[in-house]
Enquirer: 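Next up is a structure, given as structure tokens.
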Amino acid sequence: MASVDSWSDSDLFIALGLLGAALLPVGLDLLVHGLGRCLERAPGATEPVPPKLFGSEAYAALFLTVCVGGPLVLLVVLSAGTRVDDPEEGTATVTAAGCGGEIGSPRGCRDLVALEYEVDGIHYTQVTDDVGFDFTPGDEARVAWDADDPSLVRVEGVR
């Protein structure tokens, strides 16, 4: 059985979060209607006035847009931050490959590769996906990094 911690690096965790955000308005609406039913049956209740969660359909549409669209926009913005937009190419030395203690947490085992490379006299060590290349420590990899932020790197092949 998988633990919740192993989901934190997967797309399933993101999908479940988005599903929960989409179901939030429905749950709130059911809560308000249940409260109204409870107030109808309360002793000494006079003429019950059913509570409304939203004053009009415009508020409901705005609420749904924020609860469903907000997480989607956040997901797109966060995933766009790791792209290499203005690439510069070079080589990097593979220091570790696979998964485990040297490269990251063993709970979410993916094909990862730890790279060491130098840009403008500064040494960088980054972990990234190996995208299907078979690396062993000591191999040289062809990489591309962002010209503005050299810590954003992607593997382009084996040298």
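What's counted below: heavy atoms across the whole structure, side chains too, no hydrogens, waters or symmetry copies.
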Enquirer: If every non-hydrogen atom of A92 is compared with every non-hydrogen atom of Y117, which pair is closest and at what distance?
Expert: CB-CB, 3.7 Å
Enquirer: Between D29 and H33, is any pair of side-chain heavy atoms under 4.5 Å apart?
Expert: yes
Enquirer: Measure the spacing between NE2 of H123 and CD of E116 and express it to the nearest 0.5 Å.
Expert: 8.5 Å
Enquirer: Between Y124 (side chain) and L152 (backbone), is there a donor-acceptor pair under 3.5 Å?
Expert: no
Enquirer: Measure the OG1-CD distance between T125 and E118 for me, rounded to the nearest 0.5 Å.
Expert: 11.0 Å
Enquirer: Taking side-chain hydrogen bond (donor to acceptor under 3.5 Å, both in side chains) as the definition, give me every residue that meets it alongside S151, ordered by chain and number, with sequence neighbours left out.
Expert: D149
Enquirer: For T65, what residues pass the side-chain hydrogen bond (donor to acceptor under 3.5 Å, both in side chains) criterion, not counting sequence neighbours?
Expert: none
Enquirer: In chain order, what residues pass the side-chain contact (heavy atoms from CB on, under 4.5 Å) check against A141, with sequence neighbours excluded?
Expert: V94, L115, F135, V143
Enquirer: Applying side-chain hydrogen bond (donor to acceptor under 3.5 Å, both in side chains), name anything that partners T93, two or more places apart in sequence or on another chain.
Expert: E140
Enquirer: Do D139 and T136 touch side chain to side chain, with heavy atoms closer than 4.5 Å?
Expert: yes
Enquirer: Transitive ILVMFWY cluster of V26 at side-chain heavy atoms under 4.5 Å: who else is in it?
Expert: L30
Enquirer: In chain order, what residues pass the side-chain contact (heavy atoms from CB on, under 4.5 Å) check against L24, with sequence neighbours excluded?
Expert: L28, C67
Enquirer: Any chance you could measure R154, atom CZ, to E89, atom CD, to the nearest 0.5 Å?
Expert: 8.0 Å
